[in-house]
Enquirer: 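Below is the structure I would like to discuss, written out as structure tokens.
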Amino acid sequence: MATQTHNATHPSAFAGSPLAPVVIGVVGLGLLTWLGSPVLRHFEGAAIPWPAHGLALALLLSAQRVHRNLTAVLVLLSATLGAVFEGATAPRALGAAALLVGQTLVVVELYDRLTAGRHPLRGTIAYSRFLAASVVGVLPTTIIAHLTVSIVGPDYVPGWNIGHWLIAAMTSIIALTPVLLVVNAPPQPAGALRSLVSLEFFLLCAAYAAVLLNAFLHLGQFWIAIPPAVATLPFLMWAGFRFGVRGFCIAAVLFIAAVVTSAVINVGPFNIFGATVPERGRRAWIYLASLVGPSMLFPIALTEHRVAESRIRGTLAQLAAIIEGSGDLIAAVDRDLTIIAVNSAWVDEFERLSGRRVRAGIRMADALAPLPGDAADSLAHWRRALNGERFTVIREIGEVARLRSDYEITYGPVRDEQGVVVGASQVVRNISERRRREAEDADARRLESVGRLAGGVAHDFNNLMTAVIGYTEILQQSLPSGDPRQDDLRQIEKAASRAGELTQQLLAFARRRMIEPRLVDLAELVDGLTGLLRPLLGSGVQLAVRTDPTLPTVRLDPTQFEQVLMNLAVNARDAMPGGGKLSIELTNDLRGEQRGVRLAVRDSGTGMTPDVLKRLWEPFFTTKPLGKGTGLGLPTVHGIVHQAGGDITVDSVVGRGTTFIVFLPAAEA
Ligand code: ADP
Ligand code: MG
């Protein structure tokens with residue numbers, strides 16, 4: 001099918017490799033530290049951009065579970081390195097980095113548990129895109145941190161330059177992480193993860209409230225030092241997973257609003273530096289919030305767009321599935337007669353006819369090249385459709401007689417929303433099978449009416465013959481036994497009896513006799529019949545019977561089956577005037593779901609010419625001399641077999657012999 005759905009966020013081959021987290025860890029985080037530090041150092045002397053926090057979060061969330069520990073170690077190393085660059089002592093740097101990684105891992109682990117590893121970001125990372133986004137992301141983070149520090153002043157937190165760190169970390173978590181996640185995540189409709197339970201919501205809210213309360217109550221230096229933005233993380237993440245990336249962004253905006261409010265009124269949890277630097281603190285928060293707030297719009301907009309896009313893609317995929325599932329052959333071309341869509345039914349049938357496998361993207365004229373006899377007409381039809389005409393043609397297509405089939409083809413224009421013709425489509429139906437069936441049905445109907453007629457005639461005829469025989473007997477009795485006319489009367493009687501027998505055959509053919517179907521074991525029946533067959537065949541014909549004890553029972557009238565077998569055997573004998581071999585074989589057979597018995601009657605006789613084969617089932621068709629053949633044997637066999645729900649086929653080679661194959665369905669249990 002050419003209408004493939006394109007998956008924009010499919011992870012690259014690189015993402016699947018175990019090297020990926022190593023590369024992203026070393027290159028990505030190293031680059032960030034390396035790029036960011038000198039920039040801030042240039043302005044402030046001892047500052048570092050700290051996108052690592054947000055980056056670590058996004059990375060750990062997106063990485064596949066097997067890569068997580070390695071990723072965490074790399075994040076830890078690079079975070080330590082970053083803090084050392086910043087001027088922290090090694091133990092303090094390691095401590096800060098461990099805090100960062102530990103905290104992030106807890107969040108990631110928690111969400112993994114709650115979502116049974118099925119949250120929308122797991123394993124979706126495209127590392128190359130991730131790398132690009134994070135390198136680009138270092139710029140706004142650096143600039144924001146720098147501007148903030150220059151507005152607020154370097155001694156924002158006296159004695160410890162955690163202020164830079166804090167601001168950069170905040171920016172990265174609430175601005176960089178959503179961007180990174182959105183860029184990497186597959187489109188996620190809102191509320192996609194309904195598996196999350198309300199207990200989880202309750203727990204997260206409680207944890208969030210406890211953290212805020214701690215900060216609010218100023219419970220000592222340690223708690224004050226916890227950046228509120230980081231404490232907010234679980235809540236933000238919950239919103240993200242509960243409502244998609246859009247939820248993440250909305251929660252972040254709400255969070256910013258709380259920050260601004262608390263800064264403006266100079267109370268509350270986010271006024272963490274309280275009375276010492278109230279004015280600077282307030283300015284810092286307001287500034288930060290006003291910058292970060294709008295940056296949320298980007299992921300929101302992008303997510304909206306992606307959701308809409310994925311919906312369209314979903315619809316397209318459904319349409320493609322419908323077209324693909326159609327039994328009809330469907331193809332479409334654009335204005336230049338280039339194939340834009342074909343379903344596999346079309347491709348398969350075209351391959352059958354032309355030996356060539358066609359796909360979307362090639363020109364119809366090129367596709368038709370292996371069928372020169374049909375190409376011109378075909379192309380003319382396509383052009384008519386491109387001119388806006390909708391029509392149906394019935395055509396025979398195929399260069400090789402054996403493959404040629406009849407098709408009913410409906411062409412039509414494909415229009416865009418404005419009604420302009422942008423292409424044309426074709427729905428093709430192979431009607432050879434239907435035509436063959438129609439012809440067969442007509443034959444069957446004709447056979448039936450002939451049968452009815454023959455039956456009616458035979459009935460009357462039989463009554464007349466009964467009268468002839470009756471009067472002949474009366475005459476025979478009235479003449480003395482030595483009378484030479486007795487002989488003539490015997491001839492009359494013989495001829496009349498023969499005529500009566502013929503009418504019996506006619507009646508059997510016309511199925512006027514009551515049939516009594518019952519469950520029969522064909523193997524047993526055939527064994528019983530061989531005794532009757534042998535004298536019938538004469539000494540020149542060798543008889544081989546093979547049956548199978550595991551055959552299923554079938555439902556039919558045993559007398560009728562006897563008739564089938566006798567007719568086939570007598571025909572075989574007639575075809576082997578100089579003797580030969582007749583084999584009768586019963587085996588298990590399966591037609592699709594239908595179990596049944598296969599009866600094969602094979603002779604080594606004269607075989608049949610195609611002309612005889614064509615007329616074989618016709619009533620009264622015979623090649624035998626007058627008085628020998630009636631031409632009713634095979635039509636009778638045919639009628640009986642079909643009435644029993646089976647079918648009969650014949651395979652014959654002139655001079656080699658003939659095989660009749662009868663299939664009889666097994667009786668239902
Ligand atoms: P009939 O036997 O009275 O001619 P059937 O309907 O039984 O009528 O057979 C029709 C014709 O089919 C036969 O005349 C013969 O030409 C051909 N036929 C049937 N069975 C065989 C066979 N086993 N081998 C060759 N020809 C056969
Ligand atoms: Mg016959």
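Every number for a ligand or one of its atoms is a count from 1 in the order of the listing.
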Enquirer: Looking at ligand 1, does any of its N/O atoms fall within less than 3.5 Å of an N/O of D574?
Expert: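 It does not: no N or O of D574 is found under 3.5 Å from an N or O of ligand 1.
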
Enquirer: Got an N/O contact under 3.5 Å between T606 and ligand 1?
Expert: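 No.
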
Enquirer: Where does the angle between the aromatic ring planes of W617 and H638 fall among parallel (under 30°), tilted (30 to 60°) and perpendicular (over 60°)?
Expert: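 Tilted.
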
Enquirer: Would you check whether T630 reaches within less than 4.0 Å of ligand 1, judged by its heavy atoms?
Expert: yes

Enquirer: Can you tell me which residue among I397, I394, D328 is in a side chain to side chain contact (heavy atoms under 4.5 Å, CB included) with I409?
Expert: I397

Enquirer: Short N/O distance, under 3.5 Å, between G607 and ligand 1?
Expert: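 No, G607 has no N/O under 3.5 Å of an N/O on ligand 1.
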
Enquirer: Kindly say whether I362 contributes a backbone atom to a donor-acceptor pair with the side chain of D366 at under 3.5 angstrom?
Expert: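 Checked: no pair found.
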
Enquirer: Hey, does the side chain of D603 reach the backbone of T658 with a donor-acceptor pair shorter than 3.5 angstrom?
Expert: yes

Enquirer: Distance to the ring centre below 6.0 angstrom and angle to the axis at most 45 degrees; does that hold for R356 and F350?
Expert: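 No, cation not above the ring by the 6.0 Å, 45° rule.
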
Enquirer: How far is atom 16 (O) of ligand 1 from the closest protein heavy atom, and which atom is that?
Expert: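 Answer for atom 16 (O) of ligand 1: T623 OG1, 2.5 Å.
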
Enquirer: Would you mind telling me if ligand 1 is within reach of the side chain of V570, the backbone, both or neither, using heavy atoms under 4.0 Å?
Expert: neither

Enquirer: Going by the angle between their ring planes, with limits at 30° and 60°, are Y411 and W382 parallel, tilted or perpendicular?
Expert: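 Plane angle over 60°, so perpendicular.
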
Enquirer: Is F660 close to ligand 1, meaning an N/O of one under 3.5 Å from an N/O of the other?
Expert: no

Enquirer: Going by heavy atoms, is P635 under 4.0 Å from ligand 1?
Expert: yes

Enquirer: Does any N, O or S atom of N571, backbone or side chain, fall under 2.8 Å from the Mg ion (ligand 2)?
Expert: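 Yes, within the cut-off.
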
Enquirer: Hey, looking at atom 17 (C) of ligand 1, which of N571, T658, L616 has the closest heavy atom?
Expert: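 Residue with the shortest heavy-atom distance to the ligand atom: L616.
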
